[in-house]
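Have a look at the structure below, then the notes.
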Amino acid sequence: MKNNRKVGAFIGVTLAASLALTGCSAITGGQSDAGDDKVDSGAVVVYVAHGPEVTDPIIAAFRKAYPDIKVTLIASPGTGELIGRVESEAANPLGDVAWGGSSENYDAASGKAFASVELENDADTVVQDPNHKWHATDVLFQTIAVNTERVTNESDYPTTFQDLTDPRWKDAGGIVFANPRSSGTSYSLLSAMVSTYGWAFFDGFLPNAKVVDGSSQMFQGVRTGEYAVGFINEDLAATWVAEGAPLKVIYPEDTVSNQIGVAAVIAGAKHTKPAETFVNFLMSKDTQQIMVDEVGRRSARADVAPPAGLPDASKLNLATPDPAVFAVDKESVLVKFDEKLASSK
Amino acid sequence: MQTQQLHERGQRVDTDVVPGRKQKPSRTLRKRFSRRPSVWFLVALGLLLLLSSTIVFPQLRLVQEAFTTDDGAFSLGNFIQFFLTPRFQEAIVNSLLIALIAGLLACAVAVPAAYILAQYDLPNRNGFLTLATMATVSPPFLGAYAWVLLLGRGGILTVQLREWGITLPFETIIGPGGIVWVTVWATQALVFLLAYDAFRAIDPTLDEAAASVGAEPWRTRIGIVLPMAIPALVTGFYMSSMKIFTDFGTPLIIGGGTPTLPTAVYYEFLSEVSTNPAIASAASLVMLGIACIALALQQWVLRRRTYASVSVRRRPLQPVSGAKRALMLAYLGVVFGLSFVPHAVVVGTSFLTWRSGILKWVPTLDNYQRLFGEHLGTILISLVLAAIACVFCVIVAVLVSYLTVRKRYAVISPALNVITMIPYIIPGTVLAIGLILSFSSGPLILTGTATILVLAYFVRRLPYITKSIEAALTQVHPALEEAAMSVGAKPMRAFRQITLPLIRPAVVSGGTVGFLQMVTELSATIMLYSVPFITMTVVIFTNAMQPASPMGVASATTVVLMLSVYIPLYFVRKKFASVTSI
């Protein structure tokens, strides 16, 4: 009997606790209806797909510049999940800013997901969204990375994409390439490869390649020596080399694929003005300098120099894939890649 | 005497208990209670309503998307396209093969271990059981990555063994073999716990009866003990192979590009490049279909015979000593040692320096120092939310499994069975999106609250807890309850005071495993959480998100999380599921 009462009491407490929780809605950083429309006070909720190595220095600077705006960061596993969350919350958005991923991801999102806003610092960035939805925060180039412990002879290093079609790579450790279905980085690489050499490129490349799921597997794969050659974003490669990873970073001479890292204001956000302030701040000269100095990424502004050690963009043969082919109907591009992959096995 | 007379007249008696033959409650009892609508029927309806609104309704759009093509018309086109696409064909075959092989291997490893611990008097039993419970949960992320750290091409063990001149039969663990290896050790503990509870519950009089007619111990084991434990073994195989079938994290990290179905489906839903929700939904329904077929098979095996015993005698522990005992302890040691490799690696790496995601062999306490400056309050949130969800889960699980095993209503019971298993199949992220879409507007707004997290935990862990209780319930004979009712107890009272105490070890077992899994849940949490309801796994994740993130802090946070759960768990098990009780 005593036991029953104890169990009953426990269940009662549980029910009470859960009822209380139902009543608690999210406290998104000092929710106050009064301060919503002021530019420099209130709160802003940022959905972010960057790790703390990117967000920590920049958020610290924002807090100094705008001490009255409370920033709340909510992390997402990746850009796909970030946009997935924004789109599924469309009826009642809980976030104000989306930060992370490349411009193509945001172009592909539903038209109602992000707000169209013209911001002050847009004009100083190297590229603008004609629809004013995404705003450039950094620029990423993809490089060929060679694991120096698996490719010991310097003269064997590839210098162009064409070099990667040489059959000797198959037995010399393989080339790791993320499946473009799961990796925006790989999709950029694919666009660059096909724009320069056409689809026939894969007839020589894929037999040498090991296709894995997700960019991280590609990056880690070449760093740990699982594969001899791979592709890594330039800032990550530079960071790893500085930490002593056995990598040689090569900017291909024939074409260099590139992406624009962006941020956007979420449509229907509860704190629109602070959100616009935040996104504008990301593009400001001081913040972009932090991006270069502390995060190690190439700035999206024309008047900020790239990080030390990274080559100037003017010296590189940047890829310019035709949006009509690679942006409009990505599914057919991916299906063609699947066919090439199946026939290479 | 009376029984004999009744038998001569051709009437079956309530106390006729013959293990192996199907039993139904006798006609006299059924007549007595047929006048009132049974309280259990009402419970069944209530549960159906609850589960439909929390599980079926949020995922309805999956069904809707699967059966609609671009022009909005109803069609099977998505399914046809799914089956005709080569990469999905390859993915299905790979996933099924890996799930079956790894499931069988997990059972092959776990069942002897469970038998040894259940049968023989070995020291520190509670310790082993707690270890088994802990082993059902691998630490998020770093868990799967741990094996690559050890046995990848440049892995710690691989390099060391090469230096000592030992060549392994493989160059790297990455590949389909790696998926099988990792998932076997990750799921064997699930099978172990189910099998252990089953072996402990087998009526010892059966063994004695066999011995009294001269059967040797091995004959008894194979002829009596093993068959009587079949519900748990079949359920264990089913749960482990289904878990492996739907696991998308491990193939991602260790598969080396081996196409598997959950990974393919996940990217169709959420790829940053191109999504196709229609195909993804169709594929999810196909996976659900496969799971239902497997469920039907499991139910069929369980219903063919009665595995229940009436006796409540405790099964004695056989003493063992010397070389045999050492061998047994060694086997258990190996099995659990291998299951704990991921945990050990996480602990080890938490004391080493990570620089931009690269592990350095430099010992440090820096990770812990950074951790204590940050978010320790989140442990409390994790534990409280999981505890609330767990209580609800256990209550509903007990009721659902009772309805599935005992009551067997024509439509409601199978419906409940299937609905309960749905969350096992759907990836956590997809489940979360369904919840957001259903509860972000309209009459009930739950997004941004803690309730939606509790709901997600409840829904995700209900399948496992239900199945483990179901397995245990199959071993409790209905005659016990009927005996209570025949002296006037109402059905609910008979259930509470007779059946519940008998399945208590399984309830505690299933409940603690469910609780552990809720505390370490990530994929749904990350899509649903809002400040201030940040759980510990979110903190861990944020520190392990990108290749250059501060992994050291993630390791340290994982260790603190594991400790904060494992230590109370040890004491809970000791009090409520001690082996000195039934």
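None of the values given here were measured: they were computed from a predicted structure. Every chain is numbered from 1 and lettered A, B, ... according to where its sequence line falls, protein lines coming before strand lines.
Interface remark: Glu268(B) contributes side-chain atoms only to the contact with chain A (heavy atom separation under 4.5 Å). Leu453(B) does not touch chain A: none of its heavy atoms, backbone or side chain, sits under 4.5 Å away. Only the backbone of Val48(A) comes within contact range of chain B, judged by heavy atoms closer than 4.5 Å. Proximity to chain B is limited to the backbone of Ser76(A), based on heavy atoms less than 4.5 angstrom apart. In this structure, no portion of Leu341(A) lies under 4.5 Å from any heavy atom of chain B. Neither the backbone nor the side chain of Pro93(A) has a heavy atom closer than 4.5 Å to any heavy atom of chain B. Interface remark: Asp338(A) contributes side-chain atoms only to the contact with chain B (heavy atom separation under 4.5 Å).
The shortest heavy-atom contact between Lys330(A) and Ser274(B) is CB-CB, 4.1 Å. In this structure, Thr239(A) and Ser356(B) approach most closely via the heavy-atom pair CG2-OG, 3.2 Å. Heavy-atom minimum distance, Gly84(A) versus Leu270(B): CA-CD2, 4.2 Å. Summarising the geometry of Leu236(A) relative to Pro547(B), their closest heavy-atom pair is CD2-CB, 4.0 Å, with the distance given to 0.1 Å. Contact record, Leu94(A) with Ser530(B): CD1-OG, 3.8 Å, taken as the closest heavy-atom pair. Ala245(A) and Ile358(B) make their closest contact through CB-CD1, 3.9 Å (heavy atoms, listed as atom of the first residue, atom of the second, distance).
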- Message: Applying side-chain hydrogen bond (donor to acceptor under 3.5 Å, both in side chains) to Thr172(B) and Glu226(A), what does each step give before you reach the verdict?
- Response: CA-CA 8 Å; Thr172(B) 171; Glu226(A) 211 60 59; 2.4 Å; yes
- Could you walk me through whether Gln217(A) and Ile253(B) pass the side-chain contact (heavy atoms from CB on, under 4.5 Å) test, one step at a time? CA-CA 7 Å; Gln217(A) 302 311 311; Ile253(B) 296 174; 4.2 Å; yes
- Message: Before you tell me yes or no, could you show the steps for Glu89(A) and Met527(B) under side-chain contact (heavy atoms from CB on, under 4.5 Å), namely the whole-Å CA-CA distance, both residues' side-chain angles and the distance that decides it to 0.1 Å?
- Response: CA-CA 10 Å; Glu89(A) 285 179 359; Met527(B) 296 294 285; over 6 Å; no
- Given the rule in the side-chain contact (heavy atoms from CB on, under 4.5 Å) test, do Trp240(A) and Arg355(B) qualify, once you have shown the distances and angles that lead to the verdict? CA-CA 9 Å; Trp240(A) 276 348; Arg355(B) 305 278 314 204; over 6 Å; no
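With hydrogens and angles disregarded, a donor-acceptor distance shorter than 3.5 Å links the side chain of Ser271(B) to the backbone of Arg181(A). Of the possible polar contacts, one joining the Glu272(B) side chain to the Gly184(A) backbone as a donor-acceptor pair under 3.5 Å is found. A distance-only check finds a donor-acceptor pair linking the side chain of Lys360(B) to the backbone of Glu243(A) [under 3.5 Å]. A donor-acceptor distance shorter than 3.5 angstrom exists from the side chain of Tyr529(B) to the backbone of Ala75(A), with no hydrogens or angles considered. Within the 3.5 Å criterion, the main-chain N or O of Ala49(A) finds a donor-acceptor partner in the side chain of Gln546(B).
Going from atom CG of Asn276(B) over to atom CG of Leu334(A) covers 10.5 Å, rounded to the nearest 0.5 Å. Here Asn92(A) contributes atom CG and Ile445(B) contributes atom CD1; the two are 5.0 Å apart, rounded to the nearest 0.5 Å. A distance of 7.0 Å separates OG1 of Thr260(B) from CG of Asp213(A), quoted to the nearest 0.5 Å. Here Glu331(A) contributes atom CD and Thr275(B) contributes atom OG1; the two are 9.0 Å apart, rounded to the nearest 0.5 Å. Separating the CD1 atom in Ile534(B) from the OG1 atom in Thr72(A) is a distance of 8.5 Å, to the nearest 0.5 Å.
Ser549(B) is linked by a side-chain hydrogen bond (donor to acceptor under 3.5 Å, both in side chains) to Glu53(A), counting only residues two or more places apart in sequence or in another chain.
In terms of non-hydrogen atom pairs under 4.5 Å with chain A, the most contact-rich of Pro251(B), Ser440(B), Ala548(B), Pro550(B) is Ala548(B). In terms of heavy-atom pairs under 4.5 angstrom with chain B, the leader among Ala90(A), Gly244(A), Ser88(A), Gly51(A) is Ser88(A).
For Glu339(A) and Arg87(B), the salt-bridge test fails: no basic side-chain N is under 4.0 Å from an acidic carboxylate O.
Side-chain contact between Ile526(B) and Glu81(A) is absent, with no heavy atoms from C-beta onward closer than 4.5 Å.
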